[in-house]
Amino acid sequence: MLDLSGTIAELFLPKSNFIPPEYSIGDSPEVIKGDYHLDIENTAKKYEQNIQDSDNNEANKIVYDVQLRRIFNFCGLPLIGVDVGAVNFTLSTCYTFHNSNNNYYESFLKDLEKMHGKHATKGYLYRLYPINWSLVSLNNNYVLTYGVEDFVFHPKGISAFALEFYCPISANVSLNFRFKFDGIPLESGGISLAHELIQEIMKTYKVRYKSEHKQQVEALDLIGNFEIVKPVIWENYKKMPRVDYSVLEKYL
């Protein structure tokens, strides 16, 4: 449960079966912050002021503050005792600062282009985004969701799919739930297991808005501003070696 300046968000997470190595370098792959009473309003003001004071003022700047990271390993399918990869889950508070038209979705689309677009990949098409760009209802709350597929790992026979959920909490704060496939073989039961796990987790998501936040989210007009966005495939893209681009057909 998260107390977000008076708005209460709840999510049930299964216990992780990840066993950390005896010796590791760097940050732990599993992170749990102890304080779940977050002052998102003052934090948003701080980030917004930092953007305004910076030399490079980015109107669509997005700031992520990771609150929890958890790993779920899959073993036993398709054969008993065989490792079929894992799902890395990250829960973050996400601070967005929109354009003057106050379009909730534009910040995320621009961020996707910045991370995965033609300039970022030097003209190579090896990530497809956004996949199944959708506005869904979870326990009567609207949530933006989409996927990103990285084709670079396909020749190795594994999936590097990521599924994102953005749940607006106030005018410029959302909860971000990110599920990233890690080493799941394309031809295995791990992918279906991953989607089942994600569905089971997200259907437990509930939020009780304080009145001020509810009014701010309603003002975003999530339904009225939503438009279908197809996966981005630019003309004359470069192809990565050994990648089967016929896979694009299943997404288009």
Side-chain angles (χ1 to χ4, degrees), residues 1-16 32-33 36-38 40-41 44 62-72 87-96 98 102-109 111-112 129-149 161-181 191-231 251:
M1 185 180 75
L2 288 172
D3 183 341
L4 305 166
S5 294
T7 289
I8 307 299
E10 298 180 14
L11 186 78
F12 176 77
L13 283 176
K15 185 177 180 181
S16 172
I32 300 177
K33 289 189 175 180
Y36 286 103
H37 296 269
L38 305 177
I40 61 172
E41 294 174 351
I62 298 181
V63 180
Y64 292 90
D65 189 1
V66 175
Q67 302 300 325
L68 182 147
R69 188 178 293 123
R70 187 166 287 182
I71 300 175
F72 303 98
V87 168
N88 294 332
F89 169 74
T90 304
L91 168 62
S92 303
T93 43
C94 172
Y95 299 86
T96 58
H98 315 296
N102 201 34
N103 189 319
Y104 177 76
Y105 307 104
E106 190 168 346
S107 293
F108 301 115
L109 288 171
D111 198 52
L112 281 169
Y129 71 93
I131 298 170
N132 295 329
W133 176 270
S134 306
L135 184 67
V136 300
S137 178
L138 296 177
N139 293 314
N140 298 317
N141 297 296
Y142 286 106
V143 175
L144 171 66
T145 180
Y146 62 84
V148 177
E149 180 72 81
F161 183 77
L163 187 60
E164 307 266 3
F165 294 86
Y166 287 91
C167 314
I169 299 298
S170 67
N172 51 13
V173 183
S174 298
L175 284 180
N176 170 236
F177 305 95
R178 175 176 296 161
F179 300 87
K180 192 174 189 309
F181 295 4
I191 290 178
S192 60
L193 280 175
H195 284 292
E196 290 174 9
L197 173 67
I198 293 169
Q199 290 177 4
E200 288 299 313
I201 291 175
M202 291 309 301
K203 74 180 184 182
T204 69
Y205 173 72
K206 298 178 181 179
V207 59
R208 300 192 302 275
Y209 289 100
K210 77 174 185 180
S211 58
E212 180 183 354
H213 289 169
K214 184 176 181 179
Q215 292 173 4
Q216 292 175 10
V217 172
E218 289 175 347
L220 294 174
D221 192 11
L222 296 173
I223 296 177
N225 286 324
F226 181 80
E227 296 180 357
I228 295 175
V229 178
K230 293 183 178 180
Y251 293 117

Colleague: Going by the rule salt bridge (Lys or Arg N to Asp or Glu O under 4.0 Å), which residues pair with Glu200 if we only count those two or more places apart in sequence or in a different chain?
Modeller: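 Counting only residues at least two positions away or on another chain, Glu200 forms a salt bridge (Lys or Arg N to Asp or Glu O under 4.0 Å) with Lys203.
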Colleague: A side-chain contact here means heavy atoms from C-beta on lying under 4.5 Å apart; do Ile40 and His213 qualify?
Modeller: yes
Colleague: Can Leu13 and Leu11 be said to form a side chain to side chain contact (heavy atoms under 4.5 Å, CB included), step by step?
Modeller: CA-CA 6 Å; Leu13 283 176; Leu11 186 78; 4.1 Å; yes
Colleague: Mark yes or no for whether Tyr105, through its side chain, and Leu222, through its backbone, hold a donor-acceptor pair below 3.5 Å.
Modeller: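 Present.
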Colleague: Assert yes or no for the condition that the ring centre distance of Phe179 to His195 is strictly below 6.0 Å.
Modeller: no
Colleague: Going by the rule side chain to side chain donor-acceptor pair (under 3.5 Å), which residues pair with Thr93 if we only count those two or more places apart in sequence or in a different chain?
Modeller: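 If we apply the side chain to side chain donor-acceptor pair (under 3.5 Å) test to Thr93, skipping adjacent residues, the hits are Gln67.
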Colleague: Tell me every residue that passes side chain to side chain contact (heavy atoms under 4.5 Å, CB included) with Ala162, counting only those two or more places apart in sequence or in another chain.
Modeller: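 Ala162: side chain to side chain contact (heavy atoms under 4.5 Å, CB included) contacts with Lys180.
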Colleague: Taking Ser174 for its side chain and Cys94 for its backbone only, find out whether a donor-acceptor pair lies under 3.5 Å.
Modeller: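 Checked: no pair found.
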Colleague: Side chains of Ile131 and Phe161: closer than 4.5 Å at any heavy-atom pair?
Modeller: yes
Colleague: Which pairs, with at least one residue in residues 131-145 and sequence neighbours excluded, count as a side chain to side chain donor-acceptor pair (under 3.5 Å)?
Modeller: none
Colleague: Applying side chain to side chain contact (heavy atoms under 4.5 Å, CB included) between Phe108 and each of Ile62, Asn103, Asn176, report the one that passes.
Modeller: Ile62
Colleague: Does the side chain to side chain contact (heavy atoms under 4.5 Å, CB included) test come out yes or no for Met202 and Leu138, once each step is laid out?
Modeller: CA-CA 8 Å; Met202 291 309 301; Leu138 296 177; 3.8 Å; yes
Colleague: Closest approach of Asp65 and Tyr95, non-hydrogen atoms and distance?
Modeller: CB-CE1, 4.3 Å
Colleague: As an exercise, state the distance from CG of Leu38 to CG of Asp3, rounded to the nearest 0.5 Å.
Modeller: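 Atom-to-atom, Leu38:CG and Asp3:CG are 8.0 Å apart.
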Colleague: Under the side chain to side chain contact (heavy atoms under 4.5 Å, CB included) criterion, do Leu4 and Val173 qualify, and how do the steps go?
Modeller: CA-CA 10 Å; Leu4 305 166; Val173 183; over 6 Å; no
Colleague: Could you tell me whether the side chain of Asn225 and the main chain of Leu220 form a donor-acceptor pair under 3.5 Å?
Modeller: yes
Colleague: Only counting residues at least two apart or in another chain, list the ones meeting salt bridge (Lys or Arg N to Asp or Glu O under 4.0 Å) with Glu41.
Modeller: Lys210
Colleague: Would the distance check show the side chain of Arg178 and the main-chain N or O of Ser92 forming a donor-acceptor pair, the cut-off being under 3.5 Å?
Modeller: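 Side chain of Arg178 to backbone of Ser92: no pair is present.
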Colleague: How are the rings of Tyr205 and Phe177 set to each other: parallel, tilted or perpendicular (split at 30° and 60°)?
Modeller: perpendicular
Colleague: If you take all heavy atoms of Phe72 and Pro14, which pair is closest and at what distance?
Modeller: CE2-O, 3.3 Å
Colleague: Measuring only between side-chain heavy atoms, which start at C-beta, is Tyr146 closer than 4.5 Å to Tyr166?
Modeller: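 Yes, side chains in contact.
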Colleague: Hey, are the side chains of Phe89 and Ile198 touching, using non-hydrogen atoms and a 4.5 Å cut-off?
Modeller: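 No. Closest side-chain heavy atoms not under 4.5 Å.
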Colleague: Going from CG on Asp111 to OG1 on Thr96, what distance comes out if it is rounded to the nearest 0.5 angstrom?
Modeller: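 The OG1 atom of Thr96 is 10.5 Å from CG of Asp111, to the nearest 0.5 Å.
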Colleague: Would you compute the distance between atom CG of Leu91 and atom CZ of Arg69 and round it to the nearest 0.5 angstrom?
Modeller: 11.0 Å
Colleague: With no hydrogens and no angle check, is any side-chain donor or acceptor of Gln216 less than 3.5 Å from a backbone partner on Ala171?
Modeller: yes
Colleague: For a quick test of reading the model, state the closest non-hydrogen atom pair linking Tyr209 to Pro168 and the distance between them.
Modeller: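 Smallest heavy-atom distance, with atoms named: OH-O, 2.6 Å.
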Colleague: With Tyr129, which residues qualify under ring pair (Phe, Tyr, Trp, His ring centres under 6.0 Å), at least two apart?
Modeller: His116
